[in-house]
Undergrad: 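Quick one: the structure is below, questions incoming.
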Amino acid sequence: MGSLVVFPFKTERPDVVLKNVRIAAHHESVGRVLCVGSHQETTYRAVEEAIPGIVSKTGTPVDLVLQDRIGTKRAGKGDGMNTGLRYFVDSDCDRLHFYDADITSFDDTWITKAETSADLGYDMVRHYFPRSATDGMVTWMITRPGFAILFPDSELSCIHQPLGGELALSREAAGTIAGDSNVLRQSDWGIDTLISFSAVQHGMSISEVYMPQGKLHKLYGQLTDIRRMVIECFSAIQALRGHVLDRRITHDVEPAEGVPASITGKTGYDFAATMTLIPKTFTFRQLDVLATLPAPVMEGMLSAHTGKVSFLNESLWHDVYLALLEEYIEGDDDWEEVLFLVWVVRVLAYTTDVADAGYDSALRYLEGTIHRYRERSAPDT
Ligand code: GDX
Ligand code: MN
């Protein structure tokens, strides 16, 4: 019956979403397309209006639904993806693809590459792509370190982009993930963390395919968007403490190609604007929270606003991360603020001390950090 392609979307440029829906509907491997909106707003109505035209041109059924309330966290992308998983389980489609709706570099090769790799028998195919050395800072500073620290002898921390929203699942794999209560609960930005975790926990084989053109998509307007993401992605990791990953999985990665200068030369965020987020003073409660982190953090954070950020190096970040895993209180405003600010300072420190020296050395350093964190957490033998 062909594959189902799901686009979760919130408020996006309708022309971008609709172009991607058309590309999917035109693809020979695709039997059905589903758009999952977060609520009834302008993008939703534009998609609703355009669907009949797309269906009559391509002959592929295209559906539009509002996301169901499935999880227990903030209602966000997780509810959108879980709505797509449920829809797939009830459909007669053979495979399930997810793509972010805001990708402007989306074309039929994203689907074709996933299909070709899935034909080899992998349970999950994930797309990965080149990113500038200062992009992906939630992945590099939160998710992969967390996976490395909690599950040092698992393949999990070796997945390149565990937060990526672009992936394909076999019918069986999608059924397993759709029935995993930890995934169903994760209605917020933590959904991608949980889907990656669930795949490894269930012993799925994973293939990562490389998209050399990169993922061009909507830029962050405000850092408040990424603030939620940092907080929710960290909480998702913290909730994984105590789980055991003891299954070896097959994990194959298509090698990356030379990265174009348009990507190596790009800065992922505005350094000066980000510096201004660091406060000169903290509330008493925030100081209490800072005091529970390793000693150099308090002193460092108090002078970080002057530009002295280098104290938060790889090694101290590891120790801070361990303390956060133990002490962080989900939903507590002061913990959220402190988590966000120490993450900001860590990103600034890495940018000045590592990323500014060049793309290749920065990427080697980032991969090296994940490796070193695994070694530090490996059980003594
Ligand atoms: N249905 C639904 N409901 N869709 C949503 C919602 C929601 O509440 N929030 C966001 N989306 C859609 C959005 O329209 C887009 O298509 C996709 O989800 C990703 O969101 P975007 O705002 O483009 O975030 P970003 O930073 O580009 O996302 C990347 O990182 C996320 C993460 O770090 O967790 C991307 O790889 C995401 O798939 C990933 O979840
Ligand atoms: Mn995006």
Side-chain angles (χ1 to χ4, degrees), residues 5-21 24 33-44 46-47 63-71 73-87 97-106 110 126-132 134-144 146-147 159-168 183 186-197 208 211 214-237 268-269 343 347:
V5 172
V6 174
F7 293 102
F9 70 97
K10 204 169 170 177
T11 305
E12 303 294 351
R13 272 174 49 194
D15 58 318
V16 174
V17 179
L18 289 169
K19 175 171 177 263
N20 295 340
V21 170
V33 179
L34 174 68
C35 305
V36 185
S38 72
H39 55 289
Q40 239 160 7
E41 38 67 83
T42 49
T43 313
Y44 185 93
V47 172
D63 232 347
L64 169 68
V65 297
L66 280 175
Q67 68 190 39
D68 294 323
R69 184 64 181 127
I70 296 173
K73 308 284 180 184
R74 180 185 63 84
K77 182 182 176 232
D79 272 345
M81 290 186 80
N82 277 314
T83 301
L85 278 160
R86 274 193 184 166
Y87 181 101
H97 295 237
F98 280 107
Y99 298 102
D100 282 3
D102 66 327
I103 309 178
T104 51
S105 58
F106 189 73
W110 290 69
R126 308 184 59 92
H127 299 77
Y128 85 107
F129 34 82
R131 296 171 115 181
S132 92
T134 44
D135 202 358
M137 287 294 116
V138 183
T139 298
W140 282 118
M141 298 302 171
I142 301 284
T143 309
R144 291 188 65 186
F147 285 162
I159 297 174
H160 280 85
Q161 286 162 15
L163 297 183
E166 299 73 34
L167 70 160
V183 174
Q186 204 72 42
S187 42
D188 60 8
W189 286 119
I191 186 65
D192 307 286
T193 307
L194 264 292
I195 288 177
S196 295
F197 178 81
E208 294 189 84
M211 306 306 295
K215 172 178 162 182
L216 302 173
H217 63 128
K218 182 187 63 195
L219 291 172
Y220 293 112
Q222 288 204 326
L223 276 147
T224 41
D225 300 346
I226 203 157
R227 185 180 185 277
R228 270 285 112 220
M229 225 177 247
V230 168
I231 289 164
E232 293 178 358
C233 289
F234 177 78
S235 290
I237 296 273
Y269 69 96
W343 172 81
V347 171

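Each ligand, and each atom within it, is numbered from 1 in the order the structure gives. Fair warning: this is a prediction, and the values are worked out from it, not measured in the lab.
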Undergrad: Determine whether Val138 and Ile226 satisfy the following criterion, side-chain contact (heavy atoms from CB on, under 4.5 Å), listing intermediate values before the conclusion.
TA: CA-CA 8 Å; Val138 183; Ile226 203 157; 4.0 Å; yes

Undergrad: Could you work out, for atom 4 (N) of ligand 1, the closest of Trp189, Tyr99, Phe9, Tyr44 by heavy-atom distance?
TA: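 Residue with the shortest heavy-atom distance to the ligand atom: Phe9.
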
Undergrad: Any N or O on Pro8 sitting closer than 3.5 Å to an N or O of ligand 1?
TA: yes

Undergrad: Would Thr43 and Lys10 count as a side-chain contact (heavy atoms from CB on, under 4.5 Å) here? Give the steps.
TA: CA-CA 7 Å; Thr43 313; Lys10 204 169 170 177; over 6 Å; no

Undergrad: Going by distance alone, is a donor N or O of one side chain under 3.5 Å from an acceptor N or O of the other, for Glu41 and Thr11?
TA: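 Yes, Thr11 and Glu41 have a side-chain donor paired with an acceptor closer than 3.5 Å.
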
Undergrad: Are Val33 and Asp63 close enough, and set up right, to give a side-chain contact (heavy atoms from CB on, under 4.5 Å), and what steps lead you there?
TA: CA-CA 6 Å; Val33 179; Asp63 232 347; over 6 Å; no

Undergrad: Check whether any N or O atom of Gly164, backbone or side chain, sits under 3.5 Å from an N or O atom of ligand 1, and answer yes or no.
TA: no

Undergrad: Of the listed options (His39, Lys10, Lys215), which comes nearest to atom 36 (O) of ligand 1 when hydrogens are ignored and any heavy atom counts?
TA: Lys215

Undergrad: Please determine whether a side-chain nitrogen of the Lys or Arg among Asp102 and Arg13 lies less than 4.0 Å from a carboxylate oxygen of the Asp or Glu.
TA: no

Undergrad: Taking 4.0 angstrom as the limit and counting only heavy atoms of Leu163, give me the atoms of ligand 1 inside it, by number and element.
TA: 33 (O), 36 (O), 37 (C), 38 (O), 39 (C), 40 (O)

Undergrad: Closer than 4.0 angstrom: is that true for some heavy atom of Gln161 and an atom of ligand 1?
TA: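 No, Gln161 has no heavy atom closer than 4.0 Å to ligand 1.
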
Undergrad: Any atoms of ligand 1 less than 4.0 Å from a non-hydrogen atom of Gly165? List them with their elements.
TA: 36 (O), 38 (O)

Undergrad: Just to check, does Asp102 reach to within less than 4.0 Å of ligand 1 when the distance is taken from its heavy atoms?
TA: yes

Undergrad: Parallel, tilted or perpendicular: which fits the ring planes of Phe7 and Tyr99, with parallel below 30° and perpendicular above 60°?
TA: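 Answer is tilted, since the angle falls between 30° and 60°.
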
Undergrad: At under 4.0 Å between heavy atoms, is it the side chain or the backbone of Asp100 that contacts ligand 1, or both, or neither?
TA: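 Both backbone and side chain.
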
Undergrad: Specify side chain, backbone, both or neither for Glu166, according to which of its non-hydrogen atoms lie closer than 4.0 Å to ligand 1.
TA: neither

Undergrad: Take Glu232 and Arg74 through the salt bridge (Lys or Arg N to Asp or Glu O under 4.0 Å) test and state the conclusion after the steps.
TA: CA-CA 9 Å; Glu232 293 178 358; Arg74 180 185 63 84; 2.6 Å; yes

Undergrad: Output the list of atoms in ligand 1 that are nearer than 4.0 Å to some heavy atom of Lys218, sorted by atom number.
TA: 22 (O)

Undergrad: Would you check if the side chain of Thr193 reaches a backbone N or O of Cys233 as a donor-acceptor pair within less than 3.5 Å?
TA: no

Undergrad: Could you list the atoms of ligand 1 found under 4.0 angstrom from a heavy atom of Asp192?
TA: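 It comes down to these atoms of ligand 1: 34 (O), 39 (C), 40 (O).
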
Undergrad: Is there a nitrogen or oxygen of Gly80 sitting under 3.5 Å from a nitrogen or oxygen of ligand 1?
TA: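 Such a contact does not occur with ligand 1.
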
Undergrad: Which atom, counting only N, O or S, brings His217 closest to the Mn ion (ligand 2)?
TA: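 His217's closest N, O or S atom to the Mn ion (ligand 2) is named ND1.
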
Undergrad: Write down the atom of Ser196, the atom of Pro162, and the distance for their closest heavy-atom approach.
TA: OG-O, 2.8 Å

Undergrad: Which residue is it: Met229, Gln186, Lys77? I am looking for the one with a side chain to side chain contact (heavy atoms under 4.5 Å, CB included) to Asp192.
TA: Lys77

Undergrad: Begin from the C-alpha positions of Arg131 and Lys215 and carry the test side-chain contact (heavy atoms from CB on, under 4.5 Å) through to its verdict.
TA: CA-CA 8 Å; Arg131 296 171 115 181; Lys215 172 178 162 182; over 6 Å; no

Undergrad: Who's closest to atom 38 (O) of ligand 1 heavy-atom-wise, of Lys77, Met229, Met81, Gln67?
TA: Lys77

Undergrad: In ligand 1, which numbered atoms sit nearer than 4.0 Å to a non-hydrogen atom of Glu12?
TA: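 Reading through ligand 1 atom by atom, the close ones are 13 (C), 14 (O), 15 (C).
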
Undergrad: Among the N, O or S atoms of Asp102, which one sits nearest to the Mn ion (ligand 2)?
TA: OD2

Undergrad: Which of the atoms of ligand 1 are close to His217, meaning less than 4.0 Å from one of its heavy atoms?
TA: 27 (O)

